[in-house]
Structures are given as structure tokens and as C-alpha cells.
A.B. asks: 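Got a structure for you, questions after.
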Protein chains: 2
Amino acid sequence: MNGHAVPPPGTQTLARGLDVLRAVAGGATDLKAVCLETGIGRSTAHRLLQLLDQRGYLRSSQGVDYSLGPTLIELGFHALYQSPVPTVARPILEQLVNKYHDTVHLAVEDGGKVLYVDKISGSRGAEMRSRAGYRMPLSRTGIGKALLLDEPERWAEMFDEDHAEAVPAPEIRAKFLSRMRVYAQQGTTLDLEENEPGIRCVAASVRNGSGAIVAAISISATNPYMPMDRMRALVPVMHQTALSISKKLGYSGTLRDMS
Amino acid sequence: MNGHAVPPPGTQTLARGLDVLRAVAGGATDLKAVCLETGIGRSTAHRLLQLLDQRGYLRSSQGVDYSLGPTLIELGFHALYQSPVPTVARPILEQLVNKYHDTVHLAVEDGGKVLYVDKISGSRGAEMRSRAGYRMPLSRTGIGKALLLDEPERWAEMFDEDHAEAVPAPEIRAKFLSRMRVYAQQGTTLDLEENEPGIRCVAASVRNGSGAIVAAISISATNPYMPMDRMRALVPVMHQTALSISKKLGYSGTLRDMS
DNA sequence: AAACCTCATCCGTAATATTGGGATAGGGTC
DNA sequence: GACCCTATCCCAATATTACGGATGAGGTTT
């Protein structure tokens with residue numbers, strides 16, 4: 001049930017401690033649940049919980065009802081700020097929201113998934129369920145596809161990974177790949193309700209000083225607010241917005257360092 | 001150099017792993033620095049770094065130049081959302097900023113410190129250095145004092161702790177304590193440039209369904225924007241704002257469960 | 001251009017820290 | 001009041017970790 005690649009030898013205790021953290025994040029609130037989820041013995045799990053609690057990685061009321069702790073909040077924001085991307089993108093994305101009134105996201109890739117890093121809700125339409133810190137499939141979201149534009153060799157792999165549950169018809173897969181080629185040329189992508197029925201978005205890639213894709217931005221709305229012609233109109237807007245963020249990150253043109 | 005209370009037995013490896021995380025958060029970017037900071041051996045530290053990197057708690061470019069990783073971002077936001085406070089407070093705080101144009105903070109207490117949980121920058125004055133995820137002394141900030149209002153027995157202790165470097169005159173300490181008594185009665189506190197010269201703020205306590213203080217809010221600005229009469233005018237405003245957040249958390253009146 | 005230095009990475013064994021079952025204690029429920 | 005479930009503590013067997021040294025790569029100085 002626990003799909004960790006290869007627990008490197010010599011760190012079993014740390015690995016188990018991190019498993020405990022994951023278990024609590026996944027909703028385990030007491031010792032028994034943590035044991036079941038992780039497969040660790042009562043006694044051992046209890047000891048790990050104790051330390052994590054003491055250090056603030058977990059919070060508990062006298063040993064029961066565990067939840068993620070304030071230290072994770074501290075380190076999480078610290079991690080966020082160690083990258084310049086969220087900071088430089090923020091004001092630019094706020095302008096975008098003010099002008100177009102739809103919800104805007106900033107995301108990076110992590111471990112084969114989209115990781116939302118910032119979200120600014122638009123002033124109209126339904127509130128989206130997404131939040132900073134959430135993960136989504138790469139190949140099923142506009143913002144995820146924008147993160148993949150430089151790596152054609154991963155397109156098929158990611159598509160298959162994200163459609164493992166219900167394998168689609170081969171022509172769907174072919175259409176995805178051919179669309180990706182078009183998206184790659186224009187530097188922007190579309191999401192036509194692939195991930196969430198009724199939700200459409202336009203996304204674009206953000207690059208750093210060496211030309212590598214380090215993030216992506218998207219603007220999303222429910223389909224009444226996102227007819228095709230509006231999406232087409234937003235393509236150059238998102239492209240320009242992403243470019244201005246990229247430039248603040250030192251992106252100078254079209255160089256793409258592959259060394 | 002490492003001031004951890006008592007590393008509980010049976011979890012040395014996990015404790016060291018967390019120390020490594022702290023070291024990286026503190027600016028250690030390579031193996032040597034981590035070793036120096038934590039006192040762990042080269043080989044051992046390397047192994048821990050490897051696992052933390054693999055699990056996304058750290059990010060590295062082929063083993064050098066470590067920084068905090070995306071998993072911490074994920075878990076950090078997760079920790080944030082496990083409490084209802086930031087979510088219910090957000091829209092109310094946004095209204096506050098729109099009306100008064102100064103910077104607003106939301107904070108909780110953690111480990112004897114203020115932990116900022118949200119920040120909305122005002123539209124005027126200098127940008128404040130604070131950020132969500134940062135820590136500050138309890139006794140030297142308005143928002144920290146608001147977190148302490150229910151616990152008179154900790155006032156002196158916290159004051160002494162936060163002034164250990166340069167011990168102030170006894171009358172300063174006495175004045176602090178007498179002001180705290182006044183603040184406790186009105187449910188709001190002031191910060192008269194005690195922590196940051198030139199920065200003043202008005203803060204108020206947020207309570208949950210059982211009447212316990214679970215958070216605090218503050219509005220801050222540089223002193224030209226915060227003359228005494230404006231501060232006085234903001235006291236009832238902050239009190240009401242905090243109360244409306246408290247009510248959304250189930251706070252029903254004045255009960256204060258001390259069981 | 002070659003030698004030198006520093007750093008990350010890997011390995012093997014000695015020794016240590018960890019494991020997990022069982023016993024204890026504290027709450028809550030029937 | 002008895003019972004059941006849970007968290008907590010303890011201890012000996014054991015598997016795990018720690019650490020010094022060897023290897024290799026990268027960069028700098030002579």
C-alpha cells in the first residue's frame with residue numbers, strides 16, 4: 001500500500017518518521033491509524049510520534065488527535081521563499097486577476113505532479129477547489145502541460161501514468177500528443193475540461209535565466225466564462241505575462257541550456 | 001550550539017534527520033555546512049541528505065546546493081488548512097485591508113514564539129519585512145501580546161526570555177506587566193515601536209468555540225500613518241473584527257473553558 | 001599542463017541505537 | 001463496578017546505524 005521506491009539502507013528510522021508524517025497528512029489522527037497506515041509497530045510508531053510532536057512537526061492534544069504541526073508551516077513557507085519565482089510572480093499575477101477577473105494559478109513540477117504554489121481567486125464564477133500546496137496530474141491540466149513543453153520524451157509516459165485507471169482510446173492519446181506539439185511551438189497550452197468537467201484554462205510556461213521551464217501560470221474559469229474565442233484571445237495575454245515573469249527571473253531570450 | 005531540549009531515546013536518527021532539515025533551512029547548502037551546523041559525521045549526514053532529497057523534503061542539483069524542497073511546501077499548506085482559522089479569517093481580513101489600507105497579519109503561537117500564518121500587505125507605506133511562516137518574539141509584538149492575554153502567569157517569563165540579550169531597566173518590565181493587565185481587560189493590544197522602531201500596530205485576540213485564544217490579528221503601519229488617536233480609533237475596529245472571526249469559529253460569548 | 005586541494009560519494013565492520021512484545025495506566029462505555 | 005480500548009513505558013535480542021578510511025570527480029593554484 002505504501003508505494004515508496006527504494007528505502008535506502010541506513011535510514012530506516014528517518015524513512016519511517018517521514019512515513020508517519022505522511023500518514024498524519026493523509027488523515028490518520030491516532031496511534032492505531034498511523035500503525036495501520038504505515039505498517040509500523042505500536043511502540044515504534046508511538047516513539048516517532050512523540051518526537052515529531054515535540055519538535056512541532058505534529059500537533060496533538062496530550063497524545064491523541066494528531067494533526068500536522070506549525071513547524072511544517074514555518075518550513076513550508078521557508079521552502080516557498082527560497083525560490084524567487086513566487087515572489088516575483090505575485091504582483092504580476094495580481095494585475096492579471098484585476099484585469100480579467102478569473103482565477104489565476106502558479107505551479108511548479110514536483111515528482112511527476114503539478115504542485116500549486118500560489119492561487120489568486122477571481123471575482124466571479126464558482127470558487128475553485130484547488131489550493132496552494134495541492135497536487136494535480138501533469139498531463140490533465142493546462143498548467144501541467146505547460147510545465148512539460150520542453151520535454152517531448154515525457155509526454156507519452158505522463159499521459160499513460162495519468163490515465164492508468166481508465167485507459168482511453170488510442171486516438172485520444174494520439175490527439176493529446178499532436179496537441180502538445182502545437183502547444184510547444186506557441187509556448188502556451190489549453191485545458192478543455194480534461195481534468196475537471198466544466199473548467200477550462202489557458203496556461204503558459206515560465207523560464208529562468210538559463211531558459212529552463214521552472215514554473216507555469218494559468219487562468220481558469222467555468223466554461224460559460226471561457227468560450228473558445230475568449231481562450232484564443234487569452235493565449236497572447238498569458239504568453240506575455242509568463243514572459244514578463246521569466247524576464248524578471250533573468251530569462252534573456254530563447255537560449256535553452258541543455259548542457 | 002544546538003539547543004534542543006532532550007533528544008528522546010530511540011529516535012536518534014529521526015532527530016538527526018530533522019536537525020539536517022533545520023540546518024538547510026538555516027542556510028546550509030552543502031554537506032560540509034550541514035555537518036558543522038549539526039555536529040553529525042560526514043557519512044551519516046550524507047545518507048540523511050540523500051533520503052530527504054529523494055522524498056522531496058530537500059531539493060538539490062546532483063548532491064550540491066541543497067535547499068528546502070517541494071514536499072515541505074505541500075505539507076506546510078496542508079498543515080495550514082487543517083486549521084479552520086486561516087480560511088475563515090482571510091475574507092474578513094481582506095475587508096479590513098480594503099477599508100484601512102494598512103498591512104494586516106494573522107498569527108498563532110508556536111513554541112513560545114509568534115508564528116505568522118497570513119499576511120496581507122497594505123496599499124501604502126513601506127512594505128514590511130514580515131512574511132507568513134516567520135517567527136517573532138511574543139512579548140515584543142502587538143500580535144504576540146494578544147496571544148498571551150489569557151495567561152498572566154507567562155507574561156513575566158516571556159518578557160524575560162525576549163529581553164535576555166540586553167536586560168532592560170526594572171521599570172520597563174513593570175510597565176510592560178501593568179500594560180498587559182489593561183490590554184487583557186479590553187481584549188486588544190498595542191505595539192508602540194517596541195520590536196521594530198518606526199512600526200506601530202493594534203492587535204486583538206481570536207477565540208475558538210471553547211473560548212480559548214487560538215490566534216490573533218494585527219494591523220500595522222509606520223508611525224506617520226499611526227498617530228495615537230488613529231490607534232485609539234482602531235482599537236474597537238480590531239476588537240470587532242477579531243470577534244467576527246471568533247464567532248465564525250463557534251465562539252459564543254465570554255465562556256472560557258479552563259478544564 | 002600537471003599537481004594539489006576540497007568536496008561528495010561509497011564501503012565494511014564494530015558498536016550502538018532501534019525494535020516490538022509484553023506489562024502498566026488512564027479513560028470511556030456498557 | 002467491570003470491561004474494553006487506547007496511549008504509554010520498559011527491557012532484552014537484534015538489526016540498524018555510525019564512522020573512518022578509500023575512491024573519484026571537479027576546480028584551483030603553481
Side-chain angles (χ1 to χ4, degrees), chain A residues 2 4-24 27-69 210 257-259, chain B residues 1-2 4-24 26-69 210 257-259:
Chain A
N2 209 337
H4 271 306
V6 278
T11 51
Q12 190 189 83
T13 307
L14 178 55
R16 286 181 159 187
L18 301 181
D19 286 346
V20 168
L21 227 48
R22 263 262 122 73
V24 174
T29 60
D30 58 6
L31 182 57
K32 184 170 224 178
V34 170
C35 292
L36 255 66
E37 182 73 21
T38 60
I40 303 175
R42 290 176 277 285
S43 203
T44 305
H46 178 255
R47 202 162 356 95
L48 299 174
L49 283 167
Q50 234 176 204
L51 181 72
L52 290 169
D53 187 15
Q54 182 197 312
R55 299 259 174 129
Y57 286 78
L58 296 178
R59 188 192 271 282
S60 81
S61 38
Q62 60 157 34
V64 193
D65 204 40
Y66 289 100
S67 61
L68 298 182
S210 21
D257 185 9
M258 286 298 176
S259 64
Chain B
M1 187 162 287
N2 208 337
H4 274 303
V6 278
T11 53
Q12 191 190 79
T13 307
L14 178 55
R16 285 180 161 187
L18 301 181
D19 286 346
V20 167
L21 270 185
R22 262 261 122 71
V24 174
T29 59
D30 59 7
L31 182 57
K32 183 170 226 176
V34 170
C35 293
L36 255 66
E37 183 72 21
T38 60
I40 303 175
R42 289 174 274 289
S43 204
T44 304
H46 178 255
R47 198 163 2 94
L48 300 175
L49 283 167
Q50 235 175 204
L51 182 71
L52 291 169
D53 187 13
Q54 183 198 309
R55 298 260 175 129
Y57 287 78
L58 296 179
R59 189 192 271 282
S60 80
S61 38
Q62 58 157 35
V64 192
D65 204 38
Y66 288 100
S67 61
L68 298 181
S210 24
D257 185 10
M258 286 299 178
S259 64

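Proteins get letters first, then strands, A, B, ... in listed order; numbering begins at 1 in each.
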A.B. asks: Within the structure, does a side-chain N or O atom of B:T13 lie under 4.0 Å from either OP1 or OP2 of D:dT16?
C.D. replies: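 For B:T13, the contact criterion (side-chain N or O under 4.0 Å from OP1 or OP2 of D:dT16) is not met.
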
A.B. asks: Determine whether a donor-acceptor pair (one donor, one acceptor, N or O, separation below 3.5 Å) exists between the side chain of B:S43 and the base of D:dG21.
C.D. replies: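 Donor-acceptor pair under 3.5 Å: no.
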
A.B. asks: Without decimals, in angstroms, what is the distance between B:L48 CG and C:dA17 P?
C.D. replies: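 So the two atoms are 15 Å apart, to the nearest Å.
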
A.B. asks: Rounded to the nearest Å, what distance is computed from the CG atom of residue A:L51 to the C1' atom of nucleotide D:dA7?
C.D. replies: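 So the two atoms are 17 Å apart, to the nearest Å.
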
A.B. asks: Mind listing the closest non-hydrogen atom pair of B:L52 and B:V20 along with its distance?
C.D. replies: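 That closest heavy-atom pairing would be CD1-CG1, 3.8 Å.
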
A.B. asks: Nearest-Å distance, CG (A:L52) to P (D:dA7)?
C.D. replies: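 Going from CG in A:L52 over to P in D:dA7 covers 16 Å.
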
A.B. asks: Could you state the CG-P distance from A:L49 to D:dT8, rounded to the nearest angstrom?
C.D. replies: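 Distance, rounded to whole Å: 9 Å.
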
A.B. asks: C:dG20 phosphate, OP1 or OP2: any side-chain N/O from A:R16 under 4.0 angstrom?
C.D. replies: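 Yes, because at least one side-chain N or O of A:R16 sits under 4.0 Å from OP1 or OP2 of C:dG20.
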
A.B. asks: I need the CG-P distance between B:L31 and D:dG20, as an integer number of Å.
C.D. replies: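 Computing the B:L31:CG to D:dG20:P distance gives 14 Å.
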
A.B. asks: Would you tell me if any nitrogen or oxygen in the side chain of A:Q50 comes within less than 4.0 Å of OP1 or OP2 on D:dC9?
C.D. replies: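 Looking at the OP1 and OP2 atoms of D:dC9, one of them is under 4.0 Å from a side-chain N or O of A:Q50.
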
A.B. asks: Would a 4.5 Å heavy-atom cut-off, applied to side chains only, mark B:R55 and A:D19 as touching?
C.D. replies: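 Yes. Closest side-chain heavy atoms under 4.5 Å.
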
A.B. asks: Is there side-chain contact between A:V34 and A:Y66, with heavy atoms separated by less than 4.5 Å?
C.D. replies: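 Side chain of A:V34 against side chain of A:Y66, heavy atoms only: no contact under 4.5 Å found.
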
A.B. asks: Quick one: are B:L21 and A:Y57 in side-chain contact, heavy atoms under 4.5 Å?
C.D. replies: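 The answer is yes; the side chains approach within 4.5 Å.
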
A.B. asks: Can a side chain N or O of B:R42 be found less than 4.0 Å away from OP1 or OP2 on C:dC10?
C.D. replies: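 Answer no for this pair, as no side-chain N or O of B:R42 is under 4.0 Å from OP1 or OP2.
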
A.B. asks: Rounded off to whole Å, could you give me the NE2-to-C1' distance for the B:H46 and C:dC11 pair?
C.D. replies: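 Interatomic distance, NE2 of B:H46 to C1' of C:dC11: 13 Å.
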
A.B. asks: Please determine, for the side chain of B:Y66, which listed nucleotide (C:dT9, C:dA8, D:dA7) has the closest atom?
C.D. replies: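 For the B:Y66 side chain, the nearest candidate turns out to be C:dT9.
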
A.B. asks: Rounding to a whole Å, what distance do you find between A:Q12:CD and C:dA17:C1'?
C.D. replies: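 Those two atoms, CD and C1', are 12 Å apart.
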
A.B. asks: Can you name the nearest heavy-atom pair linking A:L31 to A:R42, along with the distance?
C.D. replies: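 Heavy atoms only, the tightest pair is CD1-O, 3.8 Å.
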
A.B. asks: How many Å lie between NZ on B:K32 and C1' on C:dT9, as a whole number?
C.D. replies: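 Taking NZ of B:K32 and C1' of C:dT9, I get 16 Å after rounding.
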
A.B. asks: If you compare every side-chain N and O of B:T44 against the phosphate oxygens of D:dC19 (OP1, OP2), does one of them come in below 4.0 Å?
C.D. replies: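 For D:dC19, OP1 or OP2 has a side-chain N or O of B:T44 closer than 4.0 Å.
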
A.B. asks: Under 4.0 Å from OP1 or OP2 of C:dT19: is there any side-chain N or O of A:R47 that close?
C.D. replies: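 Yes, such a contact exists.
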
